[in-house]
2 protein chains.
Amino acid sequence: MSTLAQGKAELERASTAQKVADMLRERVLDGELAPGLRLSEEAIGGALGVSRNTLREAFRLLTRDRLLVHEHSRGVFVRSPTGDDVRDLYAARRVIECGALAKWPDVDDVRRNAVRMPIEEATAHGTRKDWAKVGAANIRFHRGIVGLAGSHRLSEESDRLFAELMLAFRVVSDPERLHMSYLPLNREIVELLNSGDVGGAIGKLRAYFDLAEADLVEQLAQAQAGLAPQQS
Amino acid sequence: MSTLAQGKAELERASTAQKVADMLRERVLDGELAPGLRLSEEAIGGALGVSRNTLREAFRLLTRDRLLVHEHSRGVFVRSPTGDDVRDLYAARRVIECGALAKWPDVDDVRRNAVRMPIEEATAHGTRKDWAKVGAANIRFHRGIVGLAGSHRLSEESDRLFAELMLAFRVVSDPERLHMSYLPLNREIVELLNSGDVGGAIGKLRAYFDLAEADLVEQLAQAQAGLAPQQS
DNA sequence: ATCGTCAAATCGTTCAACAATCCTACGATC
DNA sequence: GATCGTAGGATTGTTGAACGATTTGACGAT
């Protein structure tokens, strides 16, 4: 059955625009295409060997995911999140993830393990100082939390929020430091959940959001000041 | 200042694809383009006098909002929500709106009035038996609740959820009955909020979701059975 | 130094064409 | 009679070129 579903997913994947969008998404999240960069239709279309119309469809897909911003008659740019953007993102995450976490008592173990396991993996990678993998596991942890709600749509929207947030990380100095410093806090959340104290876990998650938001906003402000110190 | 912002918004509005998408969105939400209907590129493009490429961009925009579904090499169709879709929608709304409502003590009066006023308007329209306007005010009520969270992204996602839900209403027999029957429940929520009992309001909101979801799922099942009684 | 004016570059949109895919109906085979 | 394979037509996927509209940047005038 699993091989069948796998084959189906493979068959359904198609559309040049989709493939181009996937490729560009990786480049953006890798940081190869830096925030603020303008994506010329002609240049990118020529480099990838696709027509302008198809490329524009790919741009639309990435604009939907908020990785690109579209300015009329000026082109598309890699989004460079501002402090306001980060505040907005965390306001959304607070509501979604705290609300999802409240469903912990109602869900089965497969959903619960989707929250527990990423933390185990993160600590394992942490001892090896593989900060990139720690960050990836951290994302899976929060993805697992959203999954508790049991809504496919909510999970997809959260993925967009996460992707946008990773874009904000690209602007600051060392992204890994953030993931590293909040790992013990995440461990505590899982332990509180295992001990049955859901309310305490939610409180600690909210505290994590407060800290992470303030930290990221400050680093973003520093980066902005460093790039444009001649303002006004 | 307000006139400036208004002018800017007017200037920024452009893009044929955007206008086409707006027109189609109305038609879909009006029910003129019924759920399940296939939208031929040639037919619609010819009728609206836009090229296929531009029309396809409009289709992408509406697909992002989940009003249309795209099937590879088969075309785009007006979405016809299933029971699973409705369950997913309500799972998302439960998390978002209950979480947003918890922020009631922290927000100012302008945000609170965005929750209170629609209920006043709904009851006013209810005495005149103008059920369509009652439904619209009901949407504004829930939109106001989401607005308490203070996240633009969350509000936009909720708008998409609402639009999709209105699509589900189009499938059932009389959409107005639903809005009408839940109006007193919404009044109680506002009264609980005004009395300071936020927890009670959240509980009642959750109860509203349970009732509305069950009702809609059942009506959807009946509509499905009525349309395809020869199955298996 | 500020303000027009102009040219180059790029985007927005359209059109026409062809390949790829899907749907339907018609027979062929068992 | 039912299932399967096979053409045929219709629609989508993608491309390439074209032209008007908008932005950008530089140049020169006041």
Side-chain angles (χ1 to χ4, degrees), chain A residues 7-25 28 33-34 36-64 67-80 228 230-232, chain B residues 4 7-25 28 33-64 67-80 228 230-232:
Chain A
K8 181 189 174 192
E10 201 165 313
L11 280 181
E12 279 185 357
R13 172 189 293 196
S15 168
T16 311
Q18 186 72 49
K19 283 184 278 190
V20 170
D22 289 343
M23 175 178 305
L24 288 177
R25 174 180 287 113
V28 169
L33 298 172
L37 186 67
R38 175 161 154 274
L39 269 48
S40 160
E41 293 184 353
E42 193 178 3
I44 303 217
L48 270 61
V50 299
S51 111
R52 273 182 65 207
N53 286 317
T54 301
L55 183 62
R56 286 167 64 88
E57 283 208 359
F59 282 168
R60 291 278 183 190
L61 290 174
L62 292 172
T63 301
R64 170 187 73 166
L67 291 182
L68 304 182
V69 293
H70 181 109
E71 299 188 18
H72 192 280
S73 288
R74 284 180 27 95
V76 298
F77 302 78
V78 178
R79 179 175 219 113
S80 85
Q230 73 286 12
Q231 193 161 17
S232 168
Chain B
L4 268 159
K8 181 189 173 193
E10 201 165 310
L11 280 181
E12 279 186 357
R13 170 190 295 193
S15 168
T16 311
Q18 186 69 50
K19 282 185 278 189
V20 170
D22 288 343
M23 174 177 305
L24 288 176
R25 172 180 289 114
V28 169
L33 297 173
L37 185 68
R38 174 162 153 273
L39 269 46
S40 160
E41 293 184 355
E42 194 177 3
I44 303 217
L48 271 60
V50 298
S51 110
R52 275 182 63 206
N53 286 319
T54 300
L55 183 62
R56 285 165 67 89
E57 282 207 0
F59 282 168
R60 292 278 185 191
L61 290 174
L62 292 172
T63 302
R64 169 189 74 165
L67 292 182
L68 304 182
V69 292
H70 182 108
E71 300 187 19
H72 192 278
S73 289
R74 284 181 26 93
V76 298
F77 302 78
V78 179
R79 178 174 217 113
S80 83
Q230 73 284 9
Q231 189 162 18
S232 172

(request) Hey, could you give me the CG/CZ distance between L62(B) and R79(B), rounded to the nearest 0.5 Å? (result) 12.5 Å
(message) Between V78(B) and L68(B), is there a side-chain heavy-atom distance shorter than 4.5 Å?
(response) yes
(request) Rounded off to whole Å, could you give me the CD1-to-C1' distance for the I44(B) and dT12(D) pair? (result) 14 Å
(request) Taking all non-hydrogen atoms of both residues into account, name the closest pair between A58(B) and A17(B) and its distance. (result) CB-O, 3.5 Å
(message) Under 4.0 Å, counting only non-hydrogen atoms across every strand here, what does G49(A) touch: a base, just sugar-phosphate, or nothing?
(response) sugar-phosphate
Output one line per pair: protein atom, nucleotide atom from nucleotides 8-11 of chain D, and distance, for all N/O pairs under 3.5 Å.
| residue | atom | partner | partner atom | Å |
| --- | --- | --- | --- | --- |
| dT11(D) | O3' | R38(B) | NH2 | 2.5 |

(request) Please determine if D22(B) and K19(B) form a salt bridge, counting it only when a charged side-chain N lies under 4.0 Å from a carboxylate O. (result) no
(message) Can you tell me how far apart OG (S51(A)) and CG (L55(A)) are? Round to the nearest 0.5 Å.
(response) 8.0 Å
(message) Under 4.0 Å from OP1 or OP2 of dT10(C): is there any side-chain N or O of H72(A) that close?
(response) no
(request) Taking side-chain hydrogen bond (donor to acceptor under 3.5 Å, both in side chains) as the test, write out the residues that go with R38(A), two or more places apart. (result) none
(message) Could you tell me if the side chain of F59(A) sits less than 4.5 Å from the side chain of H70(A), heavy atoms only?
(response) no
(message) Rounding to an integer number of Å, can you tell me how far E71(B) CD sits from dT12(D) P?
(response) 12 Å
(message) Under 4.0 Å, heavy atom to any atom of DNA chain D: which of residues 51-64 of chain A qualify?
(response) S51(A), R52(A), N53(A), T54(A)
(request) Starting at CZ of R64(A), measure out to OG1 of T63(B) and round the result to the nearest 0.5 Å. (result) 8.5 Å
